[in-house]
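As structure tokens, the structure follows; a few thoughts come after it.
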Protein chains: 2
Amino acid sequence: MSLESVPPKYAQLVQALQRRIEAGTYPPGSLLPSEHQLIKEFSVSRPTVVAALRVLREQGWIDSQQGKGRFVRGRPAMASMESNRPGQAYLTDPETDTPGELVEAGAVTPSNRVASLLEMPPKGRAFLRRRLVAGDGEPTELVSLWLPLELSEGTDLTSGEPLREGVREHLTSRKGVRFDHIVEQITARMPTAQEAKQLGMPKNVPLLAVFGAVRDASGHPLAVVEVLLPADRHELEDAYPIA
Amino acid sequence: MSLESVPPKYAQLVQALQRRIEAGTYPPGSLLPSEHQLIKEFSVSRPTVVAALRVLREQGWIDSQQGKGRFVRGRPAMASMESNRPGQAYLTDPETDTPGELVEAGAVTPSNRVASLLEMPPKGRAFLRRRLVAGDGEPTELVSLWLPLELSEGTDLTSGEPLREGVREHLTSRKGVRFDHIVEQITARMPTAQEAKQLGMPKNVPLLAVFGAVRDASGHPLAVVEVLLPADRHELEDAYPIA
DNA sequence: ACCCGACAGGTTGTTTTACCAAGTTTGAGC
DNA sequence: GCTCAAACTTGGTAAAACAACCTGTCGGGT
């Protein structure tokens, strides 16, 4: 009983072509062999070849143009670029992984913006956990997490101790909620006196404020994360393909 | 000579099934009709049905399980949220589509940041095209495009006239370059006196500055787009799934 | 000599028919 | 009640045909 099952033919073809592109046999910009040539070389049928080429196109390795052929684009550039979304790290990594200091944990009346992102009434109350994250011994980020009160009950978020697991993992196991996607808003503003003091930054330097509204698959808001970054020391970087 | 070409059958099937899922005919969690049932109902062949269902699965509408069937997951949460990347619109849409005013077009010595993103020597020269984009009769964005000099030669970008096609299309047809992806940096700073004047904004409001380095498939830089937004009037919004 | 259209041959895109393999459920027969 | 075969499901492969599109070549005309 051989446990290793052979992959489908079209998947084997995908791998073979990827290897040739990476090895330079098919350099970027060149024309790939036509379907008919691939059929002959690999002794497979046309649907198999087309299935393999469709995968390669959807993954960004090649481009196809009706009437002309298929062009090599090279290894998809986005493969190794992991999105470095601020706030996402806070949701997945334990607080004990990054040095920092808990500055607030308790029920508050959130700002209108946060209340709106949580889809709660303007003067209602929510749970806030705020943490000053340090890097190289200096404070660098002020991270705030707002939750509906009922989501915070029975969790370790209300304690003053650093979390030993990520917020996402904690809420999933304790409350059974499923994070699905984040709606992110980025804006800039001048810091308040308190924020400037906490972050150890000049008062005339703007702040980058990133709001992340965490939602479940149906779009219902679960939490809001705000990350405040002094603009003179940090910036956001991201990479994405052009359609 | 009917200009409206009919979409392929499998695409029609995709739309029909999407409408039924949205209408609740196929509620989330339920079992979709089997391939055979869909073949009979829509009078198409099995590969056509399979192609449509493959698209739906890749887009996250349904789940499939060999031997059991296909389950409805519901409208994918990210479907309607199109990434609203600033700068991307400038690259794809004709300048004549948006009201605005060309404020600069010529060779300059770019800032260190732009030179670095273009991977050119610090004191070299590049072509700059800068446009003040208006909305509701007020200036709202200052969009700048830097190109290596050799990429600007022989294009309509050097003229003072508004472009009648997108920058990407223009450069692709004239110079044969292929845009592949963008590396984006977001930062905030105070406006210069000239920027504040051009944008009609107070001098004490910060600017959101978005740098987009356009690259080809091999990572070679092709152009840099900078979008300046007054932070009191605009912010960036985006949505993305959590892995 | 030059230009332009028709045409042939190549390419990918879409659809159909057919068959086999593999996983799941059901029910008939023991 | 248990076993196992039949009937369902989706996954994969093969062979064929037509359509749409691009690019040359070969004309004929100017």
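The structure displayed is predicted, hence computed values, not measured ones. To find a chain, count down the sequence lines: A is the first, B the second, and so on, and within it residues start at 1.
Atoms CG (A:Asp63) and P (C:dT12) sit 13 Å apart, rounded to a whole Å. What separates CD of A:Gln12 from C1' of D:dG12 is a distance of 12 Å, to the nearest Å. Between the P atom of D:dA16 and the NE2 atom of A:His36 lies a distance of 13 Å, rounded to the nearest Å. To the nearest angstrom, P of D:dT9 lies 10 Å from CG of B:Leu31. Counting to the nearest Å, the C1' atom of D:dT13 and the CG atom of A:Leu38 are 16 Å from each other. For the pair A:Ile39 CD1 and D:dA15 C1', the computed distance is 10 Å after rounding to whole Å. Between B:Phe71 atom CZ and D:dT10 atom P there is a gap of 10 Å when expressed in whole angstrom units.
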Starting at the 5' end of nucleotides 15-27 of chain C, put B wherever the base has a protein heavy atom under 4.0 Å, S where only the sugar-phosphate does, and a dash everywhere else. SBB-B--BBSS--
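In summary, the side chains of A:Ser152 and A:Thr155 do not present any donor paired with an acceptor at a separation below 3.5 Å, with no hydrogens or angles considered. Side-chain contact annotation: B:Glu141 with B:Tyr90, donor-acceptor N/O pair under 3.5 Å absent.
Within a heavy-atom distance below 4.0 Å of DNA chain C, the residues of residues 49-58 of chain A found are A:Arg57.
To the nearest 0.5 Å, atom CH2 of residue B:Trp61 and atom CD1 of residue B:Ile21 are 6.0 Å apart. Separation of atoms CG (B:Leu32) and OH (B:Tyr26) is listed at 6.0 Å; rounding is to 0.5 Å.
Checking B:Lys175, B:Arg164, B:Arg174 one by one against B:Asp156, the salt bridge (charged side-chain N to carboxylate O under 4.0 Å, His left out) holds for a single residue, B:Arg174.
Around the CD atom of B:Glu161, the shell of radius 6.0 Å holds no more than 12 heavy atoms that belong to other residues, nucleotides or ligands.
Cation-pi check for B:Arg113 over B:Phe211 is met; the charged atom lies under 6.0 angstrom from the ring centroid and within 45 degrees of its normal.
For D:dC8, neither phosphate oxygen OP1 nor OP2 lies less than 4.0 angstrom from any side-chain nitrogen or oxygen of B:Ser34. Within the structure, a side-chain polar atom (N or O) of A:Arg70 is placed less than 4.0 Å from OP1 or OP2 of C:dT12.
B:Ser34 and B:Gln37 get closest at one heavy-atom pair: N-OE1, 2.9 Å. Minimum interatomic distance between B:Ile182 and B:Val214 (heavy atoms only, all atoms of both residues): CG1-CG2, 4.2 Å.
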